[in-house]
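Values reported hereafter were calculated over all heavy atoms of this structure, with side chains retained and with hydrogens, waters and symmetry mates removed. Since this is a predicted model, take the numbers as computed values, not measurements.
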Amino acid sequence: MEGILKDIMEPFRPAASRERTKKRSRPLLLVLTLALLCVGGMELAFCSLFSPVLFHRITDPVVRPVVQTWETVQAQLRLWDFHRRRDGAAGWVSLGTGEYSCPRPVLLPVTAPAVNLPTPTPIPTPAVTEFIQLDGRTVLTGGVPCVYFNQGDEAWRDKPFGSDPIGPYGCGPTVMAMVVASLTSQTTDPAQMALWAYEHDYWCPGSGSYLTIIEGTAKAFGLNCTLQKKCGPQELLQHLNAGGMAVALVGPGHFTDSGHFILLHGATSSGQVLLADSNSRTNSLKAWDPALIVKEAAASNGDGVRLWLISPKAEPSPAASPAS
């Protein structure tokens with residue numbers, strides 16, 4: 001009953017009395033609040049250690065909104081800083097544009113007077129081998145200078161080799177005419193050599209020449225000549241570099257569709273072969289792989305290669321000369 005009367009009379013108490021009551025209750029509230037915080041903090045600490053799932057279930061509803069709010073604020077601050085920097089840069093660009101937009105004097109190009117320079121003369125590349133005229137004869141340069149004859153030359157292409165014309169059948173006497181004219185002091189040509197070869201039984205009717213024409217003619221004119229059936233590319237190059245010549249009987253390939261004598265008269269510094277093809281000036285101006293020559297000179301029956309190595313020995317006997 002007494003408490004009820006106090007509550008009823010409370011509004012009618014003086015203000016000073018009520019203020020003193022509030023002041024006495026404030027420390028009590030503060031102590032109670034701290035006690036609750038300590039107890040709650042201890043409970044949260046125990047939860048974080050012994051029950052992490054429960055800890056996150058309690059704290060996430062409070063912590064997550066705070067973190068999201070902080071991230072939003074940071075994003076807005078970065079965006080504001082970007083706009084500030086962009087606007088500042090745009091201002092500087094506009095100032096620079098205004099400066100350079102001022103009219104400036106235009107400098108017109110001055111055309112220099114044309115100078116007529118002399119046209120440079122190209123320096124020709126030296127040929128490895130070429131045809132030259134020497135003492136009224138056609139000579140192939142490079143290696144051992146080779147007096148060149150072509151069996152299709154109109155001066156003798158229709159002249160006889162036996163009963164056959166030199167043009168299609170006379171590679172044998174034409175090649176040996178080049179050998180003799182190049183390595184000896186004898187003067188000859190395909191027509192004279194064809195007559196001499198016919199008289200010495202080197203003509204093969206309807207087929208050209210017998211193989212014996214090479215060694216027989218060379219020895220008749222005082223030259224060394226050896227058939228080297230086992231000759232390889234290196235041995236061939238050594239012989240040519242020593243100043244010798246060689247005759248190859250090549251089969252179907254780069255030079256013929258059947259059989260054909262060619263003359264090898266030198267080698268290049270890069271290890272290629274220079275040759276005189278009595279049936280082709282074009283082939284005679286090329287440098288050839290010695291391995292290809294050896295390959296195409298291989299006998300069809302497998303009996304080695306048909307390569308005759310020829311070198312000077314002595315002056316030929318005048319009695320053997322086919323010159324007229």
Is a side-chain donor or acceptor of [X] paired with a backbone partner of [Y] at a separation under 3.5 angstrom?
{"X": "H265", "Y": "V144", "result": "yes"}
{"X": "D289", "Y": "A291", "result": "yes"}
{"X": "Y148", "Y": "D277", "result": "yes"}
{"X": "H239", "Y": "M245", "result": "yes"}
{"X": "T129", "Y": "T141", "result": "yes"}

T282 and S280: CA distance, side-chain angles, deciding distance, side chain to side chain donor-acceptor pair (under 3.5 Å) verdict:
CA-CA 5 Å; T282 300; S280 172; 4.5 Å; no
Is there a side-chain contact between H260 and C171, using heavy atoms and a 4.5 Å cut-off?
yes
Is there side-chain contact between V179 and T184, with heavy atoms separated by less than 4.5 Å?
no
Using the rule ring pair (Phe, Tyr, Trp, His ring centres under 6.0 Å), only one of Y169, W203, Y210, F161 pairs with Y198; which is it?
W203
For the residue pair W156 and F149, categorise the inter-ring angle as parallel (less than 30°), tilted (30 to 60°) or perpendicular (more than 60°).
perpendicular
How long is the span from the CH2 atom in W308 to the CG atom in L227, to the nearest 0.5 Å?
5.5 Å
Is it true that, when you exclude [X] itself, more than 12 heavy atoms of the residues, nucleotides or ligands shown sit nearer than 6.0 Å to its [atom1]?
{"X": "D303", "atom1": "CG", "answer": "yes"}
{"X": "E154", "atom1": "CD", "answer": "no"}
{"X": "E130", "atom1": "CD", "answer": "yes"}

Only one of L285, I293, L263, L240 passes side-chain contact (heavy atoms from CB on, under 4.5 Å) with L275, and that residue is I293
Quick check on the hydrophobic clustering: are F131 and W288 connected, directly or via other members, by side-chain heavy-atom contacts under 4.5 Å?
no
Minimum-distance pair of heavy atoms, taken over all atoms of S209 and G172:
OG-CA, 3.6 Å
Any donor-acceptor N or O pair under 3.5 Å, side chains N283, H254:
no
